[in-house]
Structures are given as C-alpha cells and as structure tokens.
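All ligand and atom numbering here is 1-based and tracks the order in the structure.
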Amino acid sequence: MDIINARLRQNPSLYRIRIDNGLFSSIERQNGTLKGSDGQLDANGKLLCAPFIEPHIHLDAALTAGEPEWNHSGTLFEGIERWSQRKPMLSAADIRSRVFKTLNLLINNGVQHIRTHVDTTDPSLLGLHTLCALRDELEDRIDIQVVAFPQEGILSYPDGAKLLESAIEAGADVVGGIPHFEYTRELGEASVKTLIQLALKYDKLVDVHCDETDDPGSRFLEVLAAEALFNDMGSRVTASHTTAMHSYDNAYCSKLFRLLGRSGINFVSCPTESIHLQGRFDTFPKRRGVTRVKELHAAGINVSFGEDSIFDPWYSLGNGRLLRTLDFGLHICQMMGYEDFSHALDFITDNSARTLGIQDSYGIEVGKPASFILLDGEDDYSVLRMQSEVLMSVRKGKVLMQKEPAKVITPALFDI
Ligand code: 17E
Ligand code: FE2
C-alpha cells in the first residue's frame with residue numbers, strides 16, 4: 001500500500017506512507033501535494049491517525065436495555081439489579097449475536113482495540129467463556145482484552161472469589177473488581193487485596209471498577225494504588241470510573257495524588273455513563289460525578305476515555321462513536337482550552353494504548369504494524385469540533401472498513 005497526501009497528528013506537513021508485509025515501511029515528508037497515480041491511496045490532506053481504542057466496555061451486556069425491565073431510577077445499583085434479571089436469559093447464541101452487532105458499531109467508527117469487562121458472578125461463566133472464544137476467533141479483525149469482572153462482588157457473592165479465579169484460568173486477560181459494591185468497607189478492602197494476589201499469581205493485568213459512587217467515603221482507590229505501588233505493578237493496573245473522587249475533599253485529594261503519581265496506575269473515565277448514573281441522590285446543586293480527569297492529566301497521570309455501555313441496563317444510548325464520548329468528557333471536565341483541543345485525540349488513542357499495555361505495537365511509526373484510521377478532518381481540533389467520520393480503518397495493512405464521505409445533495413446557500 002502506498003498512501004500520499006496524508007496528514008499526521010501535531011504536524012502541518014503532508015506525508016507519503018508505504019506499507020509492506022503489514023508493517024509501515026516508510027513515512028516520508030512530501031514537498032507539497034502529490035498527484036496520485038493508480039494503486040495509490042490519496043488521503044487528500046486528511047488526518048491519518050492510530051486506531052481508536054475502546055478501553056472500557058461491557059460487551060456481554062450490550063444491547064439488552066429494557067430486557068426484561070428498564071432501569072427507571074438511572075442508578076448504578078438498579079442497573080446491576082436489572083442485569084441480574086437478564087443473566088438467566090443468556091445463551092451463547094444471544095451473547096454472540098449482540099457482540100457481533102456491537103463490534104460492527106465500534107469497527108465502523110474506527111475502533112481496533114477493545115478492553116471488555118465480562119461478568120463472572122454467574123456460576124456457569126457463560127459470558128466469560130463466550131467472550132474468550134470470540135476474542136480468539138476474531139483476532140484477525142479486532143484485538144479484544146477480556147476482563148474477569150465480578151459484577152456482584154468478589155466477597156459478597158457466593159463463591160465470588162472462586163468464580164473469579166476460574167475465569168482467569170479459563171483465559172481472561174485482566175483481573176477486575178468492584179470494591180464499592182461489597183457489603184462493607186472491610187470486604188471492599190479485602191476484595192482489592194484478593195484480586196491483586198490473583199493478578200500476581202497468574203501474571204495478569206488489573207482493571208478495577210473503583211469507587212463508582214458519589215459517596216466521598218468510598219476510598220478504595222488508595223488501597224488499589226498502594227497495592228500497585230508495593231507490588232511494583234502500577235503500569236499494569238487501571239482504576240476505572242473513580243467517580244467518588246469528584247466528591248473527595250481537596251485536602252484528601254492532595255494527599256491521594258501523591259500516592260497515585262508514585263504508583264503509576266492508569267485511569268479510565270466514562271463521562272457519558274457517569275454524568276448519567278451519578279448525582280442521582282442529589283437535588284440541587286447536583287454533582288457531575290465524573291472523576292478529576294483534568295487534574296489527573298495535569299499531574300502527569302495517564303487517563304483515557306471509554307464508552308462503558310451501548311444500550312444496556314445502565315445506559316440506554318451509545319453508538320460506538322468515541323468522538324462523542326470525547327466531546328462529552330472535555331465539556332464535563334472543563335477541558336475546553338486550545339491546548340486541550342489540540343491534543344484531544346490522545347484520550348481515545350495513545351493514552352488508552354498505555355492502559356492496555358500495547359504501546360510497543362501501536363502508532364504510526366516505521367516498523368510497527370500498519371494499523372491506522374483515516375479521519376475526515378485535518379487535525380485533533382477540527383476532528384473533535386466537526387465530529388468527523390472515520391473514512392477508513394486499516395489493520396496490519398488490510399482494509400477493515402471503508403466509508404463514502406457523506407454528500408450534501410441540496411446546494412449550499414452561499415458560494416465561497
Ligand atoms: N457495571 C458496573 O458496575 N458499572 C457500570 N458502569 C456498568 C456495568 C456499565
Ligand atoms: Fe464499567
């Protein structure tokens with residue numbers, strides 16, 4: 001493949017990019033615009049960017065909203081209850097067909113890497129087995145990391161710890177947890193220690209649903225970060241949601257940030273999900289309930305954005321468009337300055353690559369797998385503002401998805 005007139009991020013020049021054997025073989029700066037010839041792909045000055053990454057989604061529950069009942073309160077806990085009603089209706093065929101539909105949405109919007117949480121609080125572990133099988137079956141088309149996620153608790157659900165360990169033995173890549181859902185603070189702390197020990201025993205990554213509540217007393221993040229620090233595993237550990245941090249006292253946060261920085265753990269925020277699920281017990285003023293993304297980022301801590309849900313018991317919208325999530329995230333976290341906009345795509349690309357631990361094979365660099373997306377815009381700022389379409393997604397040198405840009409039929413009002 002020979003691509004001409006491509007723009008790269010943080011760079012006003014045009015580039016010619018060659019791909020051989022599925023790898024980027026050369027990336028050369030052009031002198032002005034080149035005229036295309038047969039067999040070349042003319043990027044027309046559009047942005048060629050590393051693929052989008054969905055670092056936090058629940059594929060097992062996707063597309064089940066309203067089955068058998070809708071979440072009327074809009075709270076996390078009612079979502080867990082509704083999902084618990086849906087679980088007995090699961091079958092491998094049901095999960096597979098919903099996952100395929102959801103993957104199509106994600107792939108059509110430029111996603112090539114996914115980390116999915118899969119509920120292990122089910123004695124049959126059907127979701128976990130089905131997702132591990134799909135991960136292996138689809139490895140030519142999409143990268144999936146499976147998190148063994150104990151939705152109803154490790155220590156508060158019957159045999160929760162055993163099920164979690166069985167899920168790891170069955171092939172999960174990442175160990176999850178939900179300390180704020182355990183019955184007591186003591187059980188929450190113990191659950192974090194249990195999951196860290198399992199990750200060490202099986203040499204796995206960690207991604208914990210941590211403090212997903214408005215309760216400022218929910219302080220499991222400090223336990224997770226300290227465990228990561230003492231076991232020297234920070235870069236392999238992720239804290240997801242951490243919405244309680246929105247409500248922490250600033251003095252406590254200043255102490256906490258010291259530990260977070262030293263631990264080197266990663267953060268994932270799901271702003272559309274959290275703005276919907278949190279603040280539900282407030283009247284007015286009403287908290288936003290999204291973690292301190294701007295402050296974490298300013299402190300040099302790795303943060304990225306995920307969608308979390310697509311039409312599930314927790315959130316009944318969602319469409320696989322990470323640019324929408326990014327747009328919400330920057331608004332809610334008040335990251336609306338020029339610098340924020342000019343680097344905005346980091347939050348759905350490079351930062352997530354660090355969280356997933358895939359940096360070595362990710363990015364537009366000679367020698368790396370030739371995986372990229374072509375966006376209908378020139379730079380981070382314009383892509384964010386216009387919510388640009390992903391025109392093409394190429395994975396290891398092969399076209400995964402290609403789209404015709406939308407065409408306006410009715411003539412514009414003004415000629416310019
Ligand atoms: N489960 C959970 O505990 N939290 C969420 N945000 C979702 C599922 C979507
Ligand atoms: Fe989640």
Please list, in number order, the atoms of ligand 1 under 4.0 Å from a heavy atom of [X].
X	answer
H58	1 (N), 7 (C), 8 (C), 9 (C)
W314	1 (N), 7 (C), 8 (C), 9 (C)
I178	3 (O)
E273	6 (N), 9 (C)
L76	2 (C), 3 (O), 4 (N), 5 (C)
D308	5 (C), 6 (N), 9 (C)

ask   = the Fe ion (ligand 2) to H56: any N/O/S contact under 2.8 Å?
value =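 Yes, since at least one N, O or S atom of H56 sits under 2.8 Å from the Fe ion (ligand 2).
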inquiry  = Parallel, tilted or perpendicular: which one describes the rings of F372 and F24, with boundaries at 30° and 60°?
reply    = tilted
inquiry  = I'd like the name of whichever of H180, H117, Q151 reaches closest to atom 3 (O) of ligand 1 through any heavy atom.
reply    =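 Of the listed residues, Q151 has the closest heavy atom.
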query = Which option, S309, S274, A62, owns the non-hydrogen atom nearest atom 9 (C) of ligand 1?
reply =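 Residue with the shortest heavy-atom distance to the ligand atom: S309.
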query = Can you tell me if CG on D232 sees more than 12 non-hydrogen neighbours from other groups inside 6.0 Å?
reply =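 It does not: D232 CG has 12 such atoms or fewer within range.
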key: More than 12 heavy atoms from other groups under 6.0 Å of NZ on K286   =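 For K286, atom NZ is crowded (more than 12 foreign heavy atoms under 6.0 Å).
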ask   = How far is atom 4 (N) of ligand 1 from its nearest protein heavy atom, and which residue and atom name does that atom have?
value = E212 OE1, 2.8 Å
Could you list the donor-acceptor pairs under 3.5 angstrom formed between side-chain atoms of residues 167-182 and any protein atom two or more places apart in sequence or on another chain?
unit_1, atom_1, unit_2, atom_2, d
E169, OE2, Y202, OH, 2.6
D173, OD1, R135, NH1, 3.3
D173, OD2, R135, NH1, 2.9
D173, OD2, V146, N, 2.8
H180, ND1, D211, N, 3.1
H180, ND1, E212, N, 3.4
E182, OE1, L155, N, 3.1
E182, OE1, S156, N, 2.9
E182, OE1, S156, OG, 2.6
E182, OE2, I154, N, 2.6
E182, OE2, L155, N, 3.3

key: Atom pair CG (D214) and CE (M245), whose distance is rounded to the nearest 0.5 Å   =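 Output value for this atom pair is 14.0 Å.
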ask   = At a 4.0 Å cut-off, with the gap strictly under it, does some heavy atom of F149 reach an atom of ligand 1?
value =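 The answer is yes, since F149 has a heavy atom less than 4.0 Å from ligand 1.
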Degrees at the Fe ion (ligand 2) between the OD1 atom of D308 and the NE2 atom of H58, nearest 10° =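 Taking the Fe ion (ligand 2) as the apex, the two atoms subtend 90°.
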Check: H113 ring centre within less than 6.0 Å of F52 ring centre =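 Not under 6.0 Å, so no.
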ask   = Under 6.0 Å between ring centres, would you say that holds for H297 and H343?
value = no
For N5, all residues meeting side chain to side chain contact (heavy atoms under 4.5 Å, CB included), sequence neighbours excluded = L14, Q30, T33, L34, D42
